[in-house]
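Quick note: residue numbers are just sequence positions, from 1.
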Amino acid sequence: MKWIGAILGFFYMRFGGAILGFIIGSILDRIFSSSSKGGGGGFGKVFQEQKGEVSPGDFELNLLSLASLVIKADGKVTQKEMDYVRLYFVQAYGKERANATFRTFNEVIKDREISVPRICEYLRPKVRYEVRLQILHFLFNISNADGHVSEAELQVLLSISQNLRVAHSDFESIKAMFFKSADDAYKILEIEKSASDSEVKKAYRTMAKKYHPDKLQHMDQAYQKGAQEKFNKVQEAYERIQKERGL
C-alpha cells in the first residue's frame with residue numbers, strides 16, 4: 001500500500017505527493033496488518049499509538065511544576081503546603097521515587113519559567129478526563145493546606161483548569177468542596193438551588209458516576225484516595241439536600 005500511495009502521490013503532486021502517499025500507505029499497511037492478525041480494531045490501535053501516553057516520570061515532574069505554581073501564587077510559601085505535596089508524592093509513588101522527583105525538579109526545573117499553557121497542552125491529550133479532574137482536586141488541596149484558598153491561588157487554579165479543558169461546571173463543583181456557602185451542596189452537584197427533587201436525584205447519580213473511585217483503578221493509591229474524597233463530598237452534598245428537603 002505504501003508504494004502504491006507513493007506512485008499515486010507522485011502522479012498527482014510530484015515529490016511532495018509521493019512522500020505524503022508513502023506515509024498514508026504505511027499507515028494503511030499497519031492497519032490491515034493488525035486486522036489480518038485477528039486483532040480487530042486496527043484503526044484504534046494505530047491512533048492509540050500516535051496519541052501516546054505520558055511517562056510516569058514526566059507526569060510527576062509536570063504535576064510537581066503545577067503544584068509549585070499554586071504554592072507560589074500568593075507570594076507566600078507555607079510549610080503546610082510543602083508538607084502536603086511531599087506527603088502526597090510519598091504516598092503515591094513511595095519515598096525513594098518521590099525524592100528522585102523532587103531532586104530532578106530542584107536541579108532541572110525549579111529555576112526555569114514554568115508555563116501553565118505549555119504543561120497543560122502536553123498533559124491534556126495524554127491523560128483521561130477523570131485524571132485531569134483529580135489533578136485539579138489535588139491542586140485545590142494544596143492551596144487549602146493552610147486552611148484558606150486565596151484569590152491569587154484561585155486564579156492560578158482557574159487558569160490550570162481552563163488550560164486542561166476542564167468544564168467550568170466541574171471547576172465550580174470542585175471549588176465548592178473547599179468554599180462553604182449556603183448553596184455549596186447544589187454547586188457540588190452542578191445544579192441550581194431551584195432544581196426539582198427529580199433533578200437533584202438525577203444530578204446526584206450523574207456526579208456519583210463521574211467521581212466514582214473505580215474510574216481511577218489504573219492510578220496510584222493516592223489518586224484513588226483523592227477520587228474517594230470527591231465521591232464522599234458528592235454523597236455528603238446530596239445527603240444535606242435530602243435533609244433540607246425532607247426527601
Original post:
Near E172 CD, under 6.0 Å, is it more than 12 heavy atoms from other residues, nucleotides or ligands?
Top reply: yes
Original post:
Does a sphere of radius 6.0 Å around CD in E244 hold more than 12 heavy atoms from other residues, nucleotides or ligands, not counting ones at 6.0 Å or beyond?
Top reply: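 Yes, the 6.0 Å shell around CD holds more than 12 heavy atoms from other groups.
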Sidechain-backbone polar pair: [X] side chain, [Y] backbone, donor-acceptor under 3.5 Å:
| X | Y | answer |
| --- | --- | --- |
| S173 | S169 | no |
| E199 | S196 | yes |
| S161 | L157 | no |
| R124 | N163 | yes |

Would you say [X] and [Y] are hydrophobically clustered, going by side-chain heavy atoms of ILVMFWY under 4.5 Å?
| X | Y | answer |
| --- | --- | --- |
| L61 | V70 | yes |
| F102 | Y84 | yes |
| V90 | I142 | no |
| L136 | L158 | yes |
| F140 | L87 | no |

State, yes or no, whether a side-chain contact exists between [X] and [Y] at a heavy-atom distance under 4.5 Å.
| X | Y | answer |
| --- | --- | --- |
| N232 | Q235 | yes |
| Y186 | S194 | no |
| M207 | I188 | no |
| F59 | T101 | no |

**OP:** Could you tell me whether D146 and K76 make a salt bridge, using a distance below 4.0 angstrom between a side-chain N and a carboxylate O?
**Re:** no
Would you give the length of the straight line joining atom [atom1] of [X] to atom [atom2] of [Y], rounded to the nearest 0.5 angstrom?
| X | Y | atom1 | atom2 | result |
| --- | --- | --- | --- | --- |
| M177 | E236 | CE | CD | 9.5 Å |
| I174 | K187 | CD1 | NZ | 14.5 Å |
| I119 | L66 | CD1 | CG | 4.5 Å |
| L63 | Y93 | CG | OH | 5.5 Å |
| L154 | S159 | CG | OG | 11.5 Å |
| F178 | S143 | CZ | OG | 7.0 Å |

Original post:
Do the numbers put K201 on top of the ring of Y204, so that NZ or CZ is under 6.0 Å from the six-membered ring centre and no more than 45° off the axis?
Top reply: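 Output no; distance or angle outside limits.
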**OP:** Apply side-chain contact (heavy atoms from CB on, under 4.5 Å) to the pair Y238 and V200, showing each step before the final yes or no.
**Re:** CA-CA 8 Å; Y238 181 56; V200 170; 3.8 Å; yes
Which atom pair, heavy atoms only, marks the closest approach of [X] to [Y]?
| X | Y | value |
| --- | --- | --- |
| D183 | K193 | CB-CD, 4.4 Å |
| I71 | V77 | CG2-CG1, 3.6 Å |
| L189 | A203 | O-CB, 3.6 Å |
| F231 | A208 | CE1-O, 3.5 Å |
| A73 | A152 | O-CB, 3.5 Å |

Are a donor atom and an acceptor atom from the side chains of [X] and [Y] found within less than 3.5 Å of each other?
| X | Y | result |
| --- | --- | --- |
| E153 | S150 | yes |
| E81 | T78 | yes |
| D58 | Y122 | yes |
| Q155 | E151 | yes |
| Y129 | D170 | yes |

**OP:** Decide side-chain contact (heavy atoms from CB on, under 4.5 Å) for R97 and E60; before the verdict, give the C-alpha distance in whole Å, the side-chain angles of both, and the deciding distance to 0.1 Å.
**Re:** CA-CA 10 Å; R97 185 168 149 191; E60 293 155 27; 2.3 Å; yes
**OP:** Kindly determine whether K230 and V234 satisfy side-chain contact (heavy atoms from CB on, under 4.5 Å), including the steps that lead there.
**Re:** CA-CA 6 Å; K230 292 197 297 295; V234 167; 5.7 Å; no
**OP:** Using the side-chain contact (heavy atoms from CB on, under 4.5 Å) rule, take F179 and D184 through it: C-alpha gap first, then chi angles, then the decisive distance, then the call.
**Re:** CA-CA 7 Å; F179 286 83; D184 62 327; over 6 Å; no
Original post:
When H137 is tested against each of I135, L139, N141 for side-chain contact (heavy atoms from CB on, under 4.5 Å), which residue passes?
Top reply: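 With H137 as partner, I135, L139, N141 yield a single side-chain contact (heavy atoms from CB on, under 4.5 Å), made by N141.
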